[in-house]
Amino acid sequence: MLNILQKSTLGLPLVFVASEGAGNNCVGAFMILVAKETSSSITKNKKYICLGIYVYIDRKETFALIRRNSDLTPVLEKFEHFSLYDMASFSEWNIKSLCGNLRISIEPLELADFDWDLYYDGNEKIVAIFESIYKNMEDKYGLKR
């Protein structure tokens, strides 16, 4: 497992370090998280593919985009609710500054220009594109729903 070791002065994750048994810590373009607790969206000890990291500097919070257990909808969950199982190579992720530099999104390149608004509106073509991208992620890491 990988754990957040330090936080920045804003309280945001700064350094990730391997703890005992971490194994291969860099899996390429995707990040695998393990839930530390159970909530309405996540189950303790279950692995999740991280679809993005969203840093809200103005709120001093960091979120991971994962698929909710109940209906598999991508949702933001506080990053602190997870441990890192395998960490992505961020050279294969896209970083965007938003809201006048008060928010940052970090996403796998496959999802960097994805239209989440159309996805949540139920656009069948966009939903199918997302499902294809997600299936490729699952297949690569052997994670099934």
Side-chain angles (χ1 to χ4, degrees), residues 1-5 7-8 10-19 21-99 102-145:
M1 294 275 197
L2 298 171
N3 290 303
I4 298 168
L5 176 64
K7 292 189 176 193
S8 71
L10 295 175
L12 304 172
L14 177 65
V15 178
F16 301 110
V17 296
S19 59
N24 180 10
N25 299 332
C26 187
V27 295
F30 308 119
M31 179 183 293
I32 308 299
L33 305 174
V34 177
K36 294 181 186 176
E37 58 192 58
T38 295
S39 73
S40 59
S41 297
I42 59 175
T43 302
K44 185 176 182 174
N45 297 324
K46 182 176 177 186
K47 293 178 187 173
Y48 294 86
I49 295 172
C50 182
L51 304 169
I53 299 170
Y54 300 87
V55 181
Y56 288 57
I57 297 167
D58 54 332
R59 292 171 38 186
K60 297 181 182 177
E61 294 181 297
T62 302
F63 296 91
L65 183 63
I66 53 98
R67 290 191 95 168
R68 178 172 46 211
N69 290 333
S70 60
D71 61 3
L72 302 178
T73 299
V75 295
L76 292 176
E77 184 73 29
K78 286 190 175 184
F79 198 81
E80 65 194 44
H81 296 168
F82 299 94
S83 291
L84 289 163
Y85 181 78
D86 274 318
M87 192 163 77
S89 167
F90 286 110
S91 65
E92 299 180 41
W93 285 48
N94 186 57
I95 300 172
K96 291 182 201 168
S97 177
L98 308 165
C99 299
L102 292 176
R103 298 191 179 166
I104 300 167
S105 71
I106 308 167
E107 302 165 315
L109 291 177
E110 293 83 352
L111 295 170
D113 293 321
F114 189 76
D115 193 330
W116 288 106
D117 289 332
L118 288 176
Y119 174 87
Y120 288 112
D121 286 344
N123 180 294
E124 291 179 18
K125 180 180 177 184
I126 298 299
V127 169
I129 290 169
F130 172 76
E131 290 299 333
S132 176
I133 292 168
Y134 193 82
K135 183 176 181 340
N136 288 339
M137 292 176 177
E138 283 183 319
D139 291 347
K140 184 169 184 177
Y141 300 107
L143 298 175
K144 296 298 176 193
R145 296 175 203 164

Nearest heavy-atom neighbours spanning Leu109 and Trp93: CD2-C, 3.9 Å
Sequence neighbours left out, what passes side chain to side chain donor-acceptor pair (under 3.5 Å) with Lys78? Give chain and number order. Glu61
Could you tell me which non-hydrogen atom of Phe130 sits nearest to which non-hydrogen atom of Leu111, and how far apart they are? CD1-CD2, 4.2 Å
For Arg68 and Ser40, the nearest pair of non-hydrogen atoms, with its separation, is CG-O, 4.2 Å
How many angstroms lie between atom CG of Asp139 and atom OH of Tyr134, to the nearest 0.5 angstrom? 11.0 Å
May I ask you to decide whether Lys135 forms a salt bridge with Glu110, counting only side-chain N to carboxylate O separations under 4.0 Å? no
Sorted by chain and number, sequence neighbours left out, side chain to side chain donor-acceptor pair (under 3.5 Å) with Thr38 holds for none
Given the rule in the side-chain contact (heavy atoms from CB on, under 4.5 Å) test, do Val127 and Tyr119 qualify, once you have shown the distances and angles that lead to the verdict? CA-CA 5 Å; Val127 169; Tyr119 174 87; 3.8 Å; yes
Rounded at 0.5 Å granularity, tell me how far CD1 in Ile104 sits from CD1 in Ile57. 4.0 Å
Determine whether Leu33 and Glu77 make a side-chain contact, defined as any pair of heavy atoms from C-beta on separated by less than 4.5 Å. no
Can you measure from CZ (Arg67) to CD (Glu138) and round to the nearest 0.5 angstrom? 7.0 Å
Set of residues satisfying side chain to side chain donor-acceptor pair (under 3.5 Å) with respect to Ser97, sequence neighbours excluded: Asn101
Crowding at CG, Asp113 (>12 non-hydrogen neighbours, <6.0 Å): no
Take Ile66 and Leu51 through the side-chain contact (heavy atoms from CB on, under 4.5 Å) test and state the conclusion after the steps. CA-CA 6 Å; Ile66 53 98; Leu51 304 169; 5.9 Å; no
Restricting to non-hydrogen atoms, name the atom on Phe82 and the atom on Ala64 that form the minimum distance, rounded to 0.1 Å. CE1-CB, 4.3 Å
Between CG on residue Leu102 and CG on residue Asp58, distance to nearest 0.5 Å: 5.0 Å
Between atom CG of Asn123 and atom CD1 of Ile129, what is the distance when rounded to the nearest 0.5 Å? 8.0 Å
Determine, step by step, whether Glu80 and Lys60 satisfy the salt bridge (charged side-chain N to carboxylate O under 4.0 Å, His left out) criterion, reporting the C-alpha distance in whole Å, the side-chain angles of both residues, the deciding distance to 0.1 Å, and the verdict. CA-CA 12 Å; Glu80 65 194 44; Lys60 297 181 182 177; over 6 Å; no
Minimum-distance pair of heavy atoms, taken over all atoms of Asp115 and Ile126: O-CG2, 3.7 Å
Applying side-chain contact (heavy atoms from CB on, under 4.5 Å), run through Phe79 and Leu84 and close with a yes or a no. CA-CA 10 Å; Phe79 198 81; Leu84 289 163; 4.1 Å; yes
Would you please test His81 and Ser41 for side-chain contact (heavy atoms from CB on, under 4.5 Å) and show each step? CA-CA 11 Å; His81 296 168; Ser41 297; over 6 Å; no
Looking only at heavy atoms, which two atoms of Thr43 and Asn69 are closest? And how far apart? OG1-ND2, 2.7 Å
For the SG atom of Cys50 and the CD atom of Glu107, what is their distance to the nearest 0.5 Å? 10.0 Å
Has Tyr85 got a side-chain atom pairing as donor or acceptor with Tyr48's backbone, closer than 3.5 angstrom? no
If you draw a 6.0 Å radius around NZ in Lys96, do more than 12 non-hydrogen atoms from other residues or ligands fall strictly inside? yes
